[in-house]
Every structure is written in structure tokens, then in C-alpha cells.
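Throughout, protein chains are lettered first and strands after them, A, B, ... in sequence-line order, and every chain is numbered starting at 1. No hydrogens, no waters, no symmetry mates; every other heavy atom, side chains included, goes into these values.
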Number of protein chains: 2
Amino acid sequence: MKPAEILNTHKLKRTSCREGILEVVINAGQPLSENEIRENLPGNYDRTTFYRSFKTLEEHQIIHKIVIDNQLVKYALHNSITHKQDHAHFYCNDCDMVKCLDDIPVQKYQLPDGFSDNETEVIIKGTCPKCKNKD
Amino acid sequence: MKPAEILNTHKLKRTSCREGILEVVINAGQPLSENEIRENLPGNYDRTTFYRSFKTLEEHQIIHKIVIDNQLVKYALHNSITHKQDHAHFYCNDCDMVKCLDDIPVQKYQLPDGFSDNETEVIIKGTCPKCKNKD
DNA sequence: TTATTTTTTGCAACATTATTGCATTTAGAC
DNA sequence: GTCTAAATGCAATAATGTTGCAAAAAATAA
Ligand SMILES: [Mn+2]
Ligand SMILES: [Mn+2]
Ligand SMILES: [Zn+2]
Ligand SMILES: [Zn+2]
């Protein structure tokens with residue numbers, strides 16, 4: 001699906017920042033940091049606009065962010081199939097790569113009395129195949 | 001266990017910053033942010049020293065941090081019983097309270113081929129009992 | 001005890017990530 | 001093409017965290 005289509009589907013204005021972010025993230029096929037996105041965007045770049053665009057795209061559940069250890073944030077497209085379902089994320093300690101594990105639904109945890117949940121985040125840290133074969 | 005004892009056990013110097021952080025976190029009985037810790041510390045406060053003290057205490061697995069949505073970080077004592085075991089954390093969307101769910105071990109996830117894991121973080125977001133009874 | 005070495009501290013500077021206010025521009029509806 | 005609500009760009013500000021370095025404190029050696 002193309003950026004313009006996605007924006008139309010959600011009745012969002014087609015602005016260059018929104019289209020640019022989507023374009024880059026779709027092409028990458030994996031979660032990217034703000035800097036990685038910026039590096040792949042042509043022309044001038046405004047951080048405020050990025051954050052506001054992200055907020056909009058997030059509210060429409062088009063992209064989501066993955067926070068690793070505060071100070072590393074990656075942005076990723078929602079897989080249109082699993083979409084709303086909570087899924088786990090993988091983080092490679094060696095190369096900082098983040099991967100959406102769309103096929104791995106998160107476990108439903110039994111909370112203590114009185115607590116109720118509505119979202120669960122799971123981040124699995126380890127080594128990715130690429131880094132493992134680097135010895 | 002008292003701060004001084006803990007530091008002695010780990011053969012760490014008893015400095016006022018380390019003792020202060022431990023004192024405050026032990027008294028609170030729940031994870032606190034840097035600001036919440038600072039507010040409960042007497043005398044002058046240096047952020048650099050806080051971060052360096054935290055690093056030391058973390059390396060000795062005395063306290064650990066919980067990152068909620070980057071921009072909210074809470075620091076908590078390690079439960080001496082479950083200690084090294086990965087445990088889930090609860091975050092209240094209403095009051096920002098964080099709770100260590102020491103009794104809830106994290107599930108072992110089956111990763112795709114070639115990936116290996118060595119640590120898993122689970123954050124369950126929802127409403128705490130106090131906030132639920134506030135209608 | 002005194003001297004030497006190591007660790008910790010406090011401060012300034014800097015980096016990164018993120019938010020707000022406001023004037024200007026633009027996309028899309030008419 | 002005109003109009004208007006929405007989005008943008010820029011400056012200012014905030015929160016969180018790190019680094020270098022000289023001074024202070026603690027541990028160790030003599
Ligand atoms: Mn994902
Ligand atoms: Mn915990
Ligand atoms: Zn890797
Ligand atoms: Zn609450």
C-alpha cells in the first residue's frame with residue numbers, strides 16, 4: 001500500500017512530511033529511528049513537524065513506536081493483518097536492530113486484584129542472526 | 001535491609017548519594033522517578049552523581065530501572081527473593097504509578113530461527129485499584 | 001601517622017529527545 | 001479561484017542523560 005492511499009483511507013491530508021515518513025518506513029521494512037528516517041528524507045527537515053506527524057499517524061494506528069531503554073525509539077508501520085493485536089518486539093543488543101514480531105502475540109498476564117490492563121508491551125533483547133554469524 | 005548493609009554486602013563505599021537513593025527507594029516501597037527521589041533527598045543534589053550512583057547500583061543488581069514510553073523512567077529496588085528473575089511491570093495510565101510484579105515471571109517466547117534472547121521486558125499498562133475506585 | 005593511589009564528587013558543557021506558542025503556509029472543500 | 005481549517009516552520013523551552021576535568025574523600029601502602 002502506498003503512502004497516499006494510506007492517508008486517503010484515513011481521511012488525512014496528504015502532506016509531504018506524512019508521505020515522506022510513510023515512504024521511508026515502508027521501504028525500510030523494519031522499524032527506524034527518527035534519525036534513520038530523517039537521513040532518508042530529501043529536502044529540509046523539521047523535528048517539530050516530524051513529531052506532530054508521528055502523533056497523527058499513531059492516533060490513526062498507522063504506525064507505532066517501540067521504545068528501547070529510553071533514548072532509543074524506533075518507528076514502524078502497523079502490519080495491516082495483525083494490526084491492532086499486541087505483538088512482541090525484538091531488539092538486537094549488538095546492532096540496535098528492532099524487529100516487529102507480528103507473529104508472536106503477547107501473553108495475557110494475570111494481574112493482582114483490582115488491577116486492570118488494556119495494553120501490554122514486550123521487548124525481547126538478544127542477538128539477531130546477522131550478528132550471531134559475525135564471529 | 002538497610003542501605004548501609006546493602007552497600008557493605010556488595011563491598012561498595014557508603015557514600016551519601018548511594019545511601020540516600022537506597023533510603024528513599026526502600027521507604028517508598030515502589031518504583032520512583034529521578035524527580036521523586038530528588039524530592040525526598042535532603043541537602044544538595046547533583047544529577048550527574050545520581051546517574052553515576054544509579055549505574056553502580058544497577059551493575060550490582062541492587063536496583064533496576066523501568067522505562068515507560070521513554071520520558072518516564074522509574075527506579076526500583078530488586079526484590080531480594082526473586083532477584084535475578086525477569087518479572088513484569090505494571091503502569092497505571094491514570095496516575096503514572098509503576099509496580100514491580102515480582103510474582104509474575106515473564107513468558108519465554110519462541111523466536112524466529114537465528115534469533116537468540118537473553119532478557120525480556122514486559123510492561124502491562126492499565127488502571128490501578130486506587131484510580132479505578134475514583135469515579 | 002603520613003604518603004600515595006584510587007574512587008567518588010560537583011560543576012560546566014554538551015547531547016538528545018520532545019513539547020509549546022505563534023505567525024505563516026497549504027491542502028482540500030466550496 | 002476563494003476560503004478556511006489544518007498543517008507547517010521556527011524559536012524558545014523542557015526533560016533526560018553523558019562527558020571531561022579538577023577537587024575531595026576514602027582506601028591502601030609505607
Ligand atoms: Mn511492532
Ligand atoms: Mn521491577
Ligand atoms: Zn544484530
Ligand atoms: Zn493509578
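Across all non-hydrogen atoms, the minimal contact from A:C131 to A:D94 is SG-CB, 3.6 Å. Closest approach of B:P31 and B:K99 over heavy atoms only: CD-CA, 4.2 Å. Here the closest heavy-atom approach between residue B:I68 and residue B:K125 is recorded as CG2-CE, 4.5 Å.
Between the NZ atom of A:K74 and the P atom of C:dA18 there is a distance of 13 Å, rounded to whole Å. The distance from atom CD1 of B:I37 to atom P of D:dG17 is 11 Å, rounded to the nearest whole Å. Taking atom NZ of residue B:K55 and atom P of nucleotide C:dT9, one finds them 13 Å apart after rounding to whole Å. Atom CG in B:L7 sits about 11 Å away from atom P in C:dT8, given to the nearest Å. The separation between A:D69 atom CG and D:dG17 atom C1' is 13 Å, rounded to whole Å. Taking atom CZ of residue A:F54 and atom P of nucleotide D:dA7, one finds them 16 Å apart after rounding to whole Å. The distance from atom NE2 of A:H60 to atom P of D:dA6 is 12 Å, rounded to the nearest whole Å. Put simply, CD on A:Q71 is 12 Å from P on D:dT19, counting in whole angstrom units.
A:Y45 is linked by a side-chain hydrogen bond (donor to acceptor under 3.5 Å, both in side chains) to A:E34, counting only residues two or more places apart in sequence or in another chain.
Note on B:N70: a side-chain N or O is less than 4.0 Å away from OP1 or OP2 of C:dA18. For the pair B:N35 and D:dT16, the criterion of a side-chain N or O lying under 4.0 Å from OP1 or OP2 is met.
The backbone N or O of B:D103 sits nowhere less than 3.5 Å from a side-chain atom of B:H87 that would complete a donor-acceptor pair. At distances below 3.5 Å, not a single donor-acceptor pair connects side-chain atoms of B:N70 with backbone N or O atoms of A:V67. A donor-acceptor distance shorter than 3.5 angstrom exists from the side chain of A:K132 to the backbone of B:G114, with no hydrogens or angles considered. Side-chain atoms of A:R18 come within 3.5 Å of backbone atoms of A:K13 as a donor-acceptor pair (strictly under, hydrogens ignored).
In this structure, B:D96 does not pair ionically with B:K74, as no charged nitrogen and carboxylate oxygen lie closer than 4.0 Å.
Applying a 4.0 Å cut-off to non-hydrogen atoms, the residues of residues 38-53 of chain A that approach DNA chain C are A:R47, A:T48, A:Y51, A:R52, listed by residue number.
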One character per nucleotide, please: for nucleotides 23-30 of chain C, 5' to 3', B when the base has a protein heavy atom closer than 4.0 Å, S when only the sugar-phosphate does, - otherwise. ----BS--
